[in-house]
2 protein chains.
Amino acid sequence: MSKRTEKTIVDIAEELKLSISTVSRALNNHPNISVKTKEKVKKMANKLGYRPNAMAAGLRNSKSRTIGLVVPRISMFFPATISTVIQNKLYEHGYHVLICQSNDSLEQEIALAETLYSTRIDALAVSSTLYTTDFSHFDIFKDNNIPLVFFDRVPKDYQAKVVRGDDYLGGYTVTEHLIEKGCKDIVHISGPLTCSLYVDRVAGYKNALRKHKIPFQKSRVFYQELTKENAQQTCEKIFAKKPWPDGVFAANDTTAITILEHCRKLNLRVPEDIKIVGYSNDPRAEIITPTITSVDQFPALMGERVAAALLDLMQQPASTPQRYSEEIVPIELIERASSAAAETTAKKVGKKKVK
Amino acid sequence: MSKRTEKTIVDIAEELKLSISTVSRALNNHPNISVKTKEKVKKMANKLGYRPNAMAAGLRNSKSRTIGLVVPRISMFFPATISTVIQNKLYEHGYHVLICQSNDSLEQEIALAETLYSTRIDALAVSSTLYTTDFSHFDIFKDNNIPLVFFDRVPKDYQAKVVRGDDYLGGYTVTEHLIEKGCKDIVHISGPLTCSLYVDRVAGYKNALRKHKIPFQKSRVFYQELTKENAQQTCEKIFAKKPWPDGVFAANDTTAITILEHCRKLNLRVPEDIKIVGYSNDPRAEIITPTITSVDQFPALMGERVAAALLDLMQQPASTPQRYSEEIVPIELIERASSAAAETTAKKVGKKKVK
DNA sequence: GTATTTTATGCAAACGTTTGCAATTTTCCG
DNA sequence: CGGAAAATTGCAAACGTTTGCATAAAATAC
């Protein structure tokens with residue numbers, strides 16, 4: 001294999017005794033080129049096994065047709081689903097998506113911003129690290145009029161297009177739900193407050209308590225990265241001394257599941273002795289016994305909104321003042337067995353899948 | 001914002017009254033450049049907010065520093081984990097990974113191969129569609145000496161580097177396990193035979209049966225895309241008429257879970273009346289009640305092997321005859337409650353998490 | 001049959017790097 | 001201090017496209 005095998009439009013031009021520009025235009029279906037020539041060119045391109053060089057084209061018109069996507073991790077249900085949707089949607093429009101993971105490390109997120117900029121992505125969508133409070137590493141994109149969309153984990157005070165869930169309402173709804181089912185002492189396991197969405201959920205939690213005249217107790221809220229390990233530790237703390245809570249609002253399903261398992265070990269009955277609600281509606285929530293009440297955040301819908309926002313921003317001329325609107329994706333409480341009211345437990349559990 | 005804001009090495013050169021080449025070399029730490037100049041250049045680069053243009057560099061030396069990754073879907077546990085590992089590993093070495101999803105559509109896979117080639121990726125890793133039997137759309141990569149690694153769902157007769165699980169052993173081990181636990185009539189729900197890994201698992205299943213003198217019955221094997229919906233339909237068929245099987249070997253965990261739920265509806269006790277084993281060790285398998293025995297395929301290890309193979313192949317000069325070796329990642333049966341022997345059920349179930 | 005419009009093609013510059021080779025400067029040594 | 005070797009720096013071409021402008025060819029009009 002002698003290398004030198006890469007065919008270019010120059011080769012096509014020579015072969016056909018045409019100019020390079022004609023070939024380029026023919027391949028791009030430029031209207032000024034006659035149908036006859038176009039056919040000839042395309043046929044020859046095929047024959048020679050020509051493949052366009054995206055880097056050359058990209059360099060020429062400073063468009064990479066690639067979009068950056070930064071998420072904490074794709075192994076988590078919620079961001080994975082969103083990423084899938086974004087990618088498929090944008091692919092339909094001829095864009096590649098560079099899916100990158102920050103692994104919830106601010107340092108990695110900063111590095112990613114830098115290298116993604118170097119690849120001259122046409123737009124960027126990001127769901128930030130839990131610990132990102134300063135978003136200035138994304139300034140480059142703004143400064144250069146590169147569409148920038150934040151979703152799910154979004155900045156608080158940073159001018160940019162935002163697509164997020166209704167976390168205040170989520171927190172409120174869950175808490176009120178638990179109260180209505182009879183809980184008087186509800187623990188909330190939250191993510192760190194460096195992430196605004198948890199701030200909102202906590203606010204919802206507090207307001208629901210207030211509305212129902214239940215005193216808010218600082219000691220009943222825990223702030224932590226929502227991993228299984230942390231959930232286990234927190235369980236130890238919660239159940240170290242009585243009184244035990246009769247309700248738990250966990251800010252994700254991994255945490256809810258871990259608590260459920262812990263309760264099982266303590267021979268606490270769920271939902272009779274303690275009710276549990278998670279968040280995000282992870283597929284595991286409806287598989288475990290008892291099934292866990294959770295909050296659906298409609299990740300597919302969010303993905304579509306993000307994709308639409310990206311396409312929209314790329315459409316409008318760079319001169320257009322970037323739109324900094326905020327879109328809110330609805331949430332829906334999915335009631336399951338883990339939070340059923342005591343007397344209706346049997347019914348509720350039996351209810352699912354009534355074909 | 002007047003555009004024209006993008007700084008280039010030319011700007012740095014002018015600012016510093018240096019030549020473009022010196023600037024380029026300085027930024028790349030070329031040994032011929034004096035330390036003093038390097039510092040000066042880097043400082044100015046910073047000051048001007050210079051960011052290298054990866055496309056220009058890529059065009060010049062026909063290296064994109066980007067690697068393609070094609071998987072059926074990233075929302076599935078197994079490929080998601082592998083993708084994560086590959087991406088993180090390659091990122092450490094300065095490569096981007098374009099994670100793309102074929103959505104199990106051959107058509108999309110072919111299109112992806114084409115467009116990924118156009119972006120001049122430096123290497124490609126792929127886990128194919130269930131239905132890919134003809135792999136010739138990847139010929140372009142081979143013909144142009146672009147490293148090509150297949151993993152998990154790999155081709156049967158196609159010259160390329162391959163990293164795959166030990167599916168024959170997996171099928172054999174699961175089947176023998178069920179037999180040893182007392183099953184006499186084992187149904188196997190397999191993926192379509194267009195995908196070689198299922199061929200291997202079926203072979204393992206058959207051989208285990210033969211070894212234990214259990215006749216193989218064609219009607220006890222089902223071939224289907226392993227979705228929840230298909231699993232439900234197959235359940236209908238299996239339990240439409242007696243005798244019912246006393247063991248099920250499902251080729252993935254989604255299927256195993258669906259069967260388990262179906263058995264619950266039929267008031268069949270698992271594992272007492274029927275034992276179930278899944279495949280891939282999805283996190284859901286150890287959350288459901290009873291927990292489901294499954295086969296760990298060590299996705300992280302596989303991801304590392306794939307990443308290593310990619311890096312290795314990119315290292316060696318294009319002239320080196322491409323190595324077409326096959327690496328086999330081990331598997332391990334993770335025994336759980338769903339396949340425990342009748343008499344030991346209690347013990348087994350109680351055993352997990354004995355702190 | 002010439003002038004004018006319309007349609008189709010070609011020229012050449014530009015995009016931002018990298019790099020072989022040549023040129024220049026510095027260092028070193030007797 | 002002269003000259004050679006070593007250390008720096010610069011020139012210019014190349015990577016494969018796209019595109020404004022100019023030109024050529026064909027079609028239309030008079």
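Per chain, numbering begins at 1; letters A, B, ... match sequence-line order. Heavy atoms only: backbone and side chains are in, while hydrogens, waters and symmetry mates are out.
- Rounded to an integer number of Å, the gap from CD1 of A:Ile20 to P of D:dG20 is 17 Å.
- Checked by distance alone, B:Arg25 brings a side-chain donor or acceptor within 3.5 Å of a matching partner on the base of D:dG10.
- A straight line from CD1 of B:Ile12 to C1' of C:dG16 spans 12 Å, rounded to a whole angstrom.
- In summary, the side chains of B:Thr129 and B:Glu109 do present a donor paired with an acceptor at a separation below 3.5 Å, with no hydrogens or angles considered.
- We find that A:Asp152 and A:Arg164 are not joined by a salt bridge, their nearest charged nitrogen and carboxylate oxygen being 4.0 Å or further apart.
- For C:dG10, the OP1/OP2 oxygens have a side-chain nitrogen or oxygen of A:Thr22 closer than 4.0 Å.
- Nearest nucleotide to the A:Ser21 side chain, out of C:dA12, C:dG16, C:dT19: C:dA12.
- The side chain of B:Thr8 approaches C:dT17 more closely than any other nucleotide in the set C:dT17, D:dT8, D:dT17.
- Comparing B:Ala56 and B:Pro31 against DNA chain D, the residue whose closest nucleotide sits nearer the 5' end is B:Pro31.
- Heavy atoms of other residues, nucleotides or ligands lying less than 6.0 angstrom from CG of B:Asp157 number 12 at most.
- Closest to the A:Leu59 side chain, of the nucleotides C:dT9, D:dT8, C:dC15, is C:dC15.
- Counting any heavy atom pair closer than 4.0 Å across all strands shown, A:Ser24 reaches a base atom.
- No donor-acceptor contact under 3.5 Å links the side chain of B:Arg51 to the base of C:dG16.
- When rounded to the nearest whole Å, the span between CD1 of B:Ile9 and P of C:dG16 equals 10 Å.
- Atom CD in B:Glu6 sits roughly 7 Å away from atom P in C:dG16 (whole-Å rounding).
- As a whole-Å value, the separation of A:Lys36 NZ from D:dA25 P is 14 Å.
- For B:Thr37, whose side chain is taken as the heavy atoms from C-beta onward, the closest listed nucleotide among D:dT8, C:dT17, D:dG10 is D:dT8.
- Using a 4.0 Å cut-off, no side-chain N or O of A:Ser34 falls inside it from OP1 or OP2 of C:dT7.
- One interatomic measurement links the two molecules: CG of B:Leu16 to C1' of D:dT9, which rounds to 13 Å at whole-angstrom precision.
- Formation of a donor-acceptor pair under 3.5 Å by the A:Asp104 side chain with backbone atoms of A:Pro72 is not found in this model.
- At a cut-off of 3.5 Å, with distance as the only test, a side-chain donor of B:Ser19 or B:Thr22 sits close to an acceptor on the other residue.
- Distance from the side chain of A:Ser19 is smallest to C:dT9 among D:dG16, C:dT9, C:dT17.
- Residue order along DNA chain D, read from the 5' end via each residue's closest nucleotide, puts B:Lys17 first among B:Asn61 and B:Lys17.
- Rounded to whole angstrom, the span from the CD1 atom of A:Ile33 across to the P atom of D:dA24 amounts to 17 Å.
- When each of B:Leu27 and A:Asn32 is assigned the nucleotide of DNA chain C bearing its nearest heavy atom, the one mapping closer to the 5' terminus is A:Asn32.
- Taking the ring axis of B:Tyr158 as reference, the NZ or CZ atom of B:Lys142 stays within 45° of it and closer than 6.0 Å to the ring centre.
- One interatomic measurement links the two molecules: CG of A:Asn53 to P of D:dG16, which rounds to 7 Å at whole-angstrom precision.
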